[in-house]
There are 2 protein chains.
Amino acid sequence: MENEESCSTHGLHTKSVENVRKKMLDNESTKELSMFFKVFGDATRIKIMYALYLNEMCVCDIAVALDLSQSAVSHQLRTLKTSRLVKYRRTGKVVYYSLDDEHVIKVLEQGISHIKHD
Amino acid sequence: MENEESCSTHGLHTKSVENVRKKMLDNESTKELSMFFKVFGDATRIKIMYALYLNEMCVCDIAVALDLSQSAVSHQLRTLKTSRLVKYRRTGKVVYYSLDDEHVIKVLEQGISHIKHD
DNA sequence: TGAACATATGATTATATGTTCATGTGTTCA
DNA sequence: TGAACACATGAACATATAATCATATGTTCA
């Protein structure tokens with residue numbers, strides 16, 4: 001009787017295990033979600049995103065304001081663009097970047113609240 | 001006149017650059033924030049966190065429900081614990097994990113909304 | 001106390017990722 | 001048209017990180 005609930009076979013708590021198995025995210029969503037958050041997981045990208053949280057900015061402004069190389073900024077913006085964390089518009093030679101949507105802003109804000117222990 | 005605003009020296013848009021320089025996150029916060037998000041940036045940890053979003057669970061239940069090795073789960077829980085994304089309580093041999101705070105839950109929810117294009 | 005069990009951890013290895021350097025692309029304007 | 005400029009990208013290298021295997025720790029109960 002007890003052994004039907006042994007850890008190595010069905011887990012200790014059948015209810016929880018079944019519930020998770022039923023409601024779990026599919027692999028596709030899991031991957032997308034982790035990719036989405038992974039992009040937030042770098043100090044340089046956080047700086048860039050926070051700058052864009054303050055203002056829409058062009059590549060060169062970001063580089064100058066944050067004291068980063070143009071190349072590094074451009075590479076990171078590519079990552080941010082690919083994951084749809086930022087959007088951009090072009091005006092002549094200049095490309096202006098900004099945060100893509102409200103979710104990105106909210107995630108940033110929640111993160112800040114978390115580290116502030118609010 | 002124009003050259004005072006050359007890209008390589010002061011950036012194209014002085015206002016934005018100054019604004020960012022004034023309001024930018026300090027290095028400490030930037031690092032903490034990126035560390036916090038980095039933890040979300042792995043498919044295994046997302047699965048674990050989503051499972052904990054559904055139920056409080058012990059290590060073995062997580063491993064069984066998600067078909068992961070006990071070792072892998074334990075290693076990841078350590079990471080999650082260190083960054084204060086999950087909390088735990090012990091009852092005898094069994095350690096129950098759950099998401100640490102409301103911010104963690106909100107971040108997860110915002111991420112899901114983002115990938116669903118809500 | 002010692003066997004059984006749930007969980008934690010150290011070492012290793014394979015892979016992923018960020019930066020730099022060099023160069024390419026696309027736009028403006030004289 | 002071609003020089004100047006803003007931005008993008010490819011290759012290479014150094015570092016970080018996740019999974020596995022083996023083993024350790026801590027708790028329960030007979």
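Chain letters run A, B, ... following the sequence lines, proteins first and then strands; every chain starts at 1.
Under the rule for a side chain to side chain donor-acceptor pair (under 3.5 Å), the partners of A/Asp101 that lie at least two apart in sequence or sit in another chain are B/His114. Residues passing the side-chain contact (heavy atoms from CB on, under 4.5 Å) test with B/Val59 are B/Gln70, B/Val73, B/Leu77, B/Tyr97, sequence neighbours excluded. Taking the side chain to side chain donor-acceptor pair (under 3.5 Å) definition, one finds that A/Glu102 meets it with nothing, sequence neighbours left out. Listed by chain and residue number, A/Glu56, A/Thr91, A/Tyr96 satisfy the side-chain contact (heavy atoms from CB on, under 4.5 Å) test with A/Arg89 (two or more places apart in sequence, or in another chain). Remark: A/Asp26 engages A/Glu28, A/Ser29 in a side-chain contact (heavy atoms from CB on, under 4.5 Å) (not counting sequence neighbours). The side-chain contact (heavy atoms from CB on, under 4.5 Å) test applied to B/Thr82 returns B/Arg78, not counting sequence neighbours. Partners of B/Tyr50 under the side chain to side chain donor-acceptor pair (under 3.5 Å) rule, at least two apart in sequence or in another chain, do not exist in this structure. A search for side chain to side chain donor-acceptor pair (under 3.5 Å) contacts involving B/Lys87 returns nothing, not counting sequence neighbours.
Within residues 36-54 of chain A, the residues approaching DNA chain C are A/Lys38, A/Asp42, A/Thr44, A/Arg45, by heavy-atom distance under 4.0 Å.
Summarising the geometry, the separation between CE on A/Met35 and P on D/dA18 is reported as 14 Å, rounded to the nearest angstrom. Rounded to whole Å, atom C1' of D/dT20 lies 13 Å from atom CG of B/Leu68. Spacing between atom NE2 of A/His13 and atom C1' of C/dC5 amounts to 14 Å, rounded to whole angstrom units.
No side-chain donor-acceptor contact under 3.5 Å links B/His103 and B/Arg84.
Among the atoms of the strands shown, only primed sugar atoms or phosphate atoms (P, OP1, OP2) are found under 4.0 Å from some heavy atom of A/Ser69.
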Distance-only donor-acceptor pairs under 3.5 Å for side chains of residues 35-44 of chain A, two or more places apart:
{"from": "A/Asp42", "atom 1": "OD2", "to": "A/Thr44", "atom 2": "N", "distance (Å)": "3.0"}
{"from": "A/Asp42", "atom 1": "OD2", "to": "A/Arg45", "atom 2": "N", "distance (Å)": "3.1"}

Subject >> Structure string for DNA chain D in dot-bracket form, Watson-Crick and G-U at under 3.5 Å, | interchain >> reply: ||||||||||||||||||||||||||||||

Could you pull out the protein-nucleic contacts involving nucleotides 7-11 of chain C (nitrogen or oxygen on both sides, under 3.5 Å)?
{"from": "C/dT7", "atom 1": "OP1", "to": "B/Val59", "atom 2": "N", "distance (Å)": "3.3"}
{"from": "C/dT7", "atom 1": "OP1", "to": "B/Val95", "atom 2": "N", "distance (Å)": "3.4"}
{"from": "C/dT7", "atom 1": "OP2", "to": "B/Cys60", "atom 2": "N", "distance (Å)": "2.8"}
{"from": "C/dA8", "atom 1": "OP1", "to": "B/Tyr97", "atom 2": "OH", "distance (Å)": "2.7"}
{"from": "C/dA8", "atom 1": "OP2", "to": "B/Ser74", "atom 2": "OG", "distance (Å)": "3.1"}
{"from": "C/dA8", "atom 1": "N7", "to": "B/Gln70", "atom 2": "NE2", "distance (Å)": "3.0"}
{"from": "C/dA8", "atom 1": "N6", "to": "B/Gln70", "atom 2": "OE1", "distance (Å)": "3.4"}
{"from": "C/dT9", "atom 1": "OP2", "to": "B/Arg78", "atom 2": "NE", "distance (Å)": "3.3"}
{"from": "C/dT9", "atom 1": "O4", "to": "B/Ser71", "atom 2": "OG", "distance (Å)": "2.8"}
{"from": "C/dG10", "atom 1": "O6", "to": "B/His75", "atom 2": "NE2", "distance (Å)": "2.8"}

